[in-house]
Amino acid sequence: MRTARLLGRAELPGRVASVGLARVFVREVLRAGGCPETDDAVLMVSELVTNALQHSRSGHRPDGRLVVVLTDHGDAVQVDVMDEGSIERPRVRREVDDGAEGGRGLWLVCELAASWGWRKDEDGHVVWFQIPAEARDTSAHPAPWLSTAH
């Protein structure tokens, strides 16, 4: 079994501005790692960070935090969004009113990701997705940072 290689890690405040910070972070890490196609990953991380802010303690405490981590698994790049947990478990809503402004985040992840899932850990929830690494330019250098705090 191949060990995953850390591409980047960002600790973000539990505020709405973190959605945009997470998008920029994921786009830049993927591009630095040789993944030219970043739109789906950026959309999915946006949905997961928004969900973390809406449904976990990360977005409901003044000092709430969340973490976005990207790892290279060889055949896929995995993006983890770690929040401070909630009493709810992440779930995909299969039916959402056409006029509803929300409720489609995990459905989008389910449709776009090569795979996805979630788990509880000691600090909260981790929701993750993977994108295929086949389009990656293997001559690219790894991301110029391993940890970024915003």
Side-chain angles (χ1 to χ4, degrees), residues 4-93 96 100-137 140-150:
R5 182 173 60 93
L6 180 66
L7 297 175
R9 182 180 195 279
E11 290 191 38
L12 303 170
R15 294 192 300 264
V16 173
S18 291
V19 176
L21 294 172
R23 284 193 298 253
V24 169
F25 175 71
V26 166
R27 180 179 291 116
E28 293 305 313
V29 169
L30 289 175
R31 285 185 179 161
C35 279
E37 300 297 324
T38 62
D39 291 347
D40 285 351
V42 168
L43 174 60
M44 289 187 284
V45 80
S46 179
E47 295 296 337
L48 294 186
V49 170
T50 298
N51 283 353
L53 295 173
Q54 290 178 349
H55 301 292
S56 80
R57 288 183 282 281
S58 295
H60 295 279
R61 297 182 329 115
D63 61 343
R65 308 287 296 167
L66 57 95
V67 178
V68 177
V69 176
L70 284 85
T71 49
D72 180 351
H73 291 256
D75 60 345
V77 173
Q78 182 165 311
V79 178
D80 294 345
V81 175
M82 297 174 256
D83 64 40
E84 295 175 345
S86 72
I87 58 172
E88 299 176 39
R89 57 178 267 172
R91 63 183 172 90
V92 177
R93 293 185 187 173
V96 179
E101 291 186 22
R104 295 175 185 85
L106 282 180
W107 178 83
L108 279 170
V109 172
C110 185
E111 292 296 310
L112 296 174
S115 61
W116 79 278
W118 74 278
R119 67 184 180 279
K120 282 184 101 114
D121 70 11
E122 64 275 358
D123 297 321
H125 289 147
V126 179
V127 183
W128 58 269
F129 65 85
Q130 290 187 341
I131 58 171
E134 60 213 19
R136 181 177 47 213
D137 175 2
H141 298 289
W145 60 84
L146 288 180
S147 181
T148 302
H150 292 276

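Numbers here simply count residues along the sequence, with the first being 1.
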- [ ] Determine, step by step, whether L43 and V109 satisfy the side-chain contact (heavy atoms from CB on, under 4.5 Å) criterion, reporting the C-alpha distance in whole Å, the side-chain angles of both residues, the deciding distance to 0.1 Å, and the verdict.
- [x] CA-CA 9 Å; L43 174 60; V109 172; over 6 Å; no
Task: Test salt bridge (Lys or Arg N to Asp or Glu O under 4.0 Å) applied to R61 - qualifying residues, sequence neighbours left out - done: D63, E84
Open item on the list: Checking D121 now: which residues fulfil salt bridge (Lys or Arg N to Asp or Glu O under 4.0 Å) with it, not counting sequence neighbours?
Closed with: none
Open item on the list: Whether the side chain of H55 engages the backbone of S86 through a donor-acceptor N/O pair (distance < 3.5 Å, no angle test) should be reported.
Closed with: no
Using the side-chain hydrogen bond (donor to acceptor under 3.5 Å, both in side chains) criterion, which residues pair with [X]? Sequence neighbours excluded.
X: T71; result: H73
X: D80; result: Q78
X: S46; result: R23

What's the shortest heavy-atom distance between [X] and [Y], and which atoms?
X: A22; Y: V49; answer: CB-CG2, 3.7 Å
X: G74; Y: A133; answer: O-CB, 3.6 Å
X: F25; Y: G8; answer: CZ-C, 3.5 Å

Can you tell me how far the [atom1] atom of [X] sits from the [atom2] atom of [Y], to the nearest 0.5 Å?
X: D75; Y: I131; atom1: CG; atom2: CD1; result: 11.5 Å
X: L66; Y: M82; atom1: CG; atom2: CE; result: 9.5 Å
X: W107; Y: E47; atom1: CH2; atom2: CD; result: 10.5 Å
X: F129; Y: D40; atom1: CZ; atom2: CG; result: 9.0 Å
X: S18; Y: L12; atom1: OG; atom2: CG; result: 4.5 Å
X: D83; Y: L53; atom1: CG; atom2: CG; result: 9.0 Å

Open item on the list: Restricting to side chain to side chain contact (heavy atoms under 4.5 Å, CB included), what partner residues turn up for R15, sequence neighbours left out?
Closed with: P13
Open item on the list: Could you work out, with side chain to side chain contact (heavy atoms under 4.5 Å, CB included) as the rule, every residue matching A114, not counting sequence neighbours?
Closed with: P132
Are [X] and [Y] packed together at the side-chain level, in the sense that at least one heavy-atom pair is separated by less than 4.5 angstrom?
X: T38; Y: V26; value: no
X: V77; Y: L7; value: yes
X: V81; Y: W128; value: no
X: R65; Y: E11; value: yes

Task: Chi angles and distances behind the side-chain contact (heavy atoms from CB on, under 4.5 Å) call for L106, W118 - done: CA-CA 11 Å; L106 282 180; W118 74 278; over 6 Å; no
- [ ] Please lay out, stage by stage, how V69 and V67 fare under the test side-chain contact (heavy atoms from CB on, under 4.5 Å).
- [x] CA-CA 6 Å; V69 176; V67 178; 3.7 Å; yes
